[in-house]
There are 2 protein chains.
Amino acid sequence: MTTDRKPTGPRRPTLADVAAAVGVHTSLVSRVLRDDPRGFASAETRSRILEAAESLGYRANVAARGLRNARTTTLGLLLPGFTSPMYTALAKSVEEHAAARGYGLVLGTHAAGDPHETITNMLMQGRVDAMLVASGRIEDKALRRLAEWAPHRVVLLNRQVRAVKASVVLRDADAAALAVQRLADLGHRRIGGVFGPPSLDTMVRRRHGFREAMRSAGADALTVSLEGRDYAAGFSGAQRLLAAEANRPTAIFAATFPMGVGALAAAQAMGLAVPEQLSIIALHDDDLAGFLTPALTTVALPVKELGIQAVELALDMAAGGEPRRVVVPQSPHLIERASTAAVR
Amino acid sequence: MTTDRKPTGPRRPTLADVAAAVGVHTSLVSRVLRDDPRGFASAETRSRILEAAESLGYRANVAARGLRNARTTTLGLLLPGFTSPMYTALAKSVEEHAAARGYGLVLGTHAAGDPHETITNMLMQGRVDAMLVASGRIEDKALRRLAEWAPHRVVLLNRQVRAVKASVVLRDADAAALAVQRLADLGHRRIGGVFGPPSLDTMVRRRHGFREAMRSAGADALTVSLEGRDYAAGFSGAQRLLAAEANRPTAIFAATFPMGVGALAAAQAMGLAVPEQLSIIALHDDDLAGFLTPALTTVALPVKELGIQAVELALDMAAGGEPRRVVVPQSPHLIERASTAAVR
DNA sequence: CTGTTAGCGCATTCAA
DNA sequence: TTGAATGCGCTAACAG
């Protein structure tokens, strides 16, 4: 009885401990504590059980419960990393909402090794009920195999792949268009676009929105695509756009927030006054924007809602629902700060 | 046999499946797959087992294994959030190193609810083997109760509390001192310090290092402590220090990276040229520093090592080791950029 | 070298 | 309204 196998403190109380304390069978305790429809213990017994569980600090062991139910009440989240504030905002939202629904969240990043392997492992080891995948770099082929094997256990975040039926995406194109429209309204007619790799689904959509909006605004688009989408990429992208003095754009749209920061740095390094000589606007908002000089104008995306919807979709599928494609309904909106101004 | 309980794809293969495929007992499969010392199967059998496991895509179920072994091979990480690059760097390091050791990582942030409750739940539900706690806001009392109950399962990150014997800390005081020394070397004699809440252990240590270094440099310290430690806190802290034109400091030390960014913004909002009229230096380094204008001088802390040591300590204790206090040996180092200059 | 047995903690039959 | 029995998948102790 008192054989603690490890020197790591007292044993966690189990159902049996609670049952023994009350003098009933474990199955009854189990039913009462879970509010099982058929747990109609007498009011007397019921309250004694609840009391004992409370005083012993009983908590159901998730491993045992998971084994029995073939469910883990845990979700997995795969991120490229925390480099972008978009990913940190997403992680926060997912963690918060998962917790609200009683689910744990296990984290996977690219830093831990091959992301496809990470997903497979988590799924096949029964570590999680479903994986939320917010990585654009996993090959379509790998995702297809995954979706074939576990169609109800993989949700793509802000990415669409034919073979994967479950996804939640933002209105990236609309967001890019919104930025362009604002710049056009300010009188800009030569606008540069700084984008990340075209292999990323988000970039395709942002670029598409950018192009369409440019067309209907009748403005000249100068676009550049970089390998990365971080500060450095934004910096060199902007540098490239601003190099030729002849046809220099009067405004720059950056497809990610860090790229916007990098673009701002590049402009200042080149001695261009922002916003007097160059307007800059970035996709996705972050607190940092307000503390740059000049403060960066952004288009805010409903990232929090993306996380919530992704969790909901995953849980729905775990409960037997069919995979589906969700477009987050909330519209992106402009947050105008000091990096944009009317063209002179 | 073929009763898939759910419409979520094929059942995961179990030990029994592998055993059946080879025609041996499950226990032998288990031993072989785990390289158990007593799994000396014949070379023949051994290879057939490995082959079958491979072709079936067998992966041991962590819930079953965890239940049996009373270990989860999972660690928990509690963070205030992702607001500071220090926390994202830490999360990345911990995740990466845990994965390298075969451990999963479950995430908890303050956003999910009462942090103390989060820790307790994860521990008592058997969700994790140990919790790495990187939150300064949990009350000492709560930590003490936790440490009493599970002394071998809680590791404090960059925080010391009497009652908690397991912790890993950085040389925060040295880092602050390093910043001051550099400023002193540049000829600064009136230096302002912008700190977060004194209730945080890190702040106590950073402030201590600051004060001591100021004393030995014979410089005048003007310090201010804020409620927060984010951009906004740095902004208002710097504003306060710079308000009085009379005794204005010629340099500012910011106790966190975001505070450094905020201080820079404040200086610029007040029309002060950095570094000509004011030098700024911040604790902790981040990519962003190089893309501010001017680029921010920082003192880099070995955060990656902090994460690694924390994981190691947790695993060591899980294996029966005693709790201990670890000081990360790597020294902080200065990364000089453009926000610091000799006083005129 | 390999098989048998038992049990981790829980939820779910079925029976009373 | 409550109890007894069973098994989720795995590993460890003990046989053979």
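Protein chains get the first letters and strands the later ones, always in sequence-line order, with residue 1 at the start of each.
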Peer 1: How is A63(B) classified with respect to the nucleic acid when contacts are heavy atoms under 4.0 Å: base, sugar-phosphate, or nothing?
Peer 2: nothing

Peer 1: When the distance from CG of N61(A) to P of dA11(C) is rounded to whole Å, what number comes out?
Peer 2: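 One finds 10 Å between P of dA11(C) and CG of N61(A), rounded.
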
Peer 1: What is the separation between atom CD on E44(B) and atom C1' on dT2(C), rounded to the nearest whole Å?
Peer 2: 14 Å

Peer 1: Under 4.0 Å between a side-chain N/O of R34(A) and OP1 or OP2 of dA11(C), yes or no?
Peer 2: yes

Peer 1: Would you kindly give the CG-to-P distance between L33(A) and dA11(C), to the nearest whole Å?
Peer 2: 9 Å

Peer 1: Donor-acceptor pair, R159(B) side chain versus S135(B) backbone, under 3.5 Å?
Peer 2: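 Looks like yes, one N/O pair under 3.5 Å.
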
Peer 1: Please tell me which of P13(A) and A41(B) maps to the more 5' nucleotide of DNA chain C, matching each residue to the nucleotide holding its nearest heavy atom.
Peer 2: A41(B)

Peer 1: Is D17(B) reaching over with its side chain to a backbone N or O of T14(B), donor-acceptor style, under 3.5 angstrom?
Peer 2: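 Looks like yes, one N/O pair under 3.5 Å.
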
Peer 1: Can you find an N or O donor on one side and an acceptor on the other, under 3.5 Å apart, linking the side chain of R31(A) with the base of dG3(D)?
Peer 2: yes

Peer 1: Give a yes/no answer on whether the side chain of R65(A) brings an N or O atom under 4.0 Å of OP1 or OP2 in dA11(C).
Peer 2: yes

Peer 1: In whole angstroms, how far is the P atom of dG9(D) from the CZ atom of R71(B)?
Peer 2: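 For the pair R71(B) CZ and dG9(D) P, the rounded distance is 21 Å.
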
Peer 1: Using whole Å, report how far CZ of R38(B) lies from P of dC14(D).
Peer 2: 10 Å

Peer 1: Starting the side chain at C-beta, find the nucleotide from dA4(D), dC1(C), dC10(D) nearest to S42(B).
Peer 2: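 That would be dC1(C).
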
Peer 1: I'd like to know if the side chain of R127(A) pairs up with that of T74(B) as donor and acceptor (distance under 3.5 Å, no hydrogens or angles considered).
Peer 2: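 T74(B) and R127(A) do have a side-chain donor-acceptor pair below 3.5 Å.
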
Peer 1: Under 4.0 Å between a side-chain N/O of T26(B) and OP1 or OP2 of dG3(C), yes or no?
Peer 2: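 No, no such contact exists.
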
Peer 1: Is the distance from OP1 or OP2 of dA5(D) to the nearest side-chain N or O of S27(A) less than 4.0 Å?
Peer 2: no

Peer 1: Which of these nucleotides, dT6(D), dG3(C), dC10(D), is closest to any side-chain atom of L15(B)?
Peer 2: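 Side chain of L15(B) sits closest to dC10(D).
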
Peer 1: Any chance CZ of R34(A) has more than 12 other-residue heavy atoms, nucleotides or ligands included, within less than 6.0 Å?
Peer 2: yes

Peer 1: Consider side-chain contact (heavy atoms from CB on, under 4.5 Å). Of E312(A), K92(A), E305(A), which one does H97(A) pass it with?
Peer 2: E312(A)

Peer 1: Can you figure out which of dC10(C), dT2(D), dG9(D) approaches the side chain of R68(B) most closely?
Peer 2: dG9(D)

Peer 1: Please check: side-chain N/O of T72(B) versus main-chain N/O of D129(B), any donor-acceptor pairing under 3.5 Å?
Peer 2: yes

Peer 1: Starting the side chain at C-beta, find the nucleotide from dC10(C), dA12(D), dC10(D) nearest to N69(B).
Peer 2: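 Comparing dC10(C), dA12(D), dC10(D) against the side chain of N69(B), the answer is dA12(D).
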
Peer 1: Taking atom P of dG9(C) as reference, at what distance in whole Å does atom CZ of R59(A) sit?
Peer 2: 17 Å

Peer 1: What's the CG-C1' distance between D36(B) and dG3(C), to the nearest Å?
Peer 2: 15 Å

Peer 1: Between A64(A) and H25(A), which is nearer to the 5' end of DNA chain D once each is assigned its nearest nucleotide?
Peer 2: H25(A)

Peer 1: Should S30(A) be listed as having a side-chain N or O under 4.0 Å from OP1 or OP2 of dA11(C)?
Peer 2: yes

Peer 1: Starting from P on dG9(C), measure out to CZ on R127(B) and report it in whole angstrom.
Peer 2: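 Interatomic distance, CZ of R127(B) to P of dG9(C): 18 Å.
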
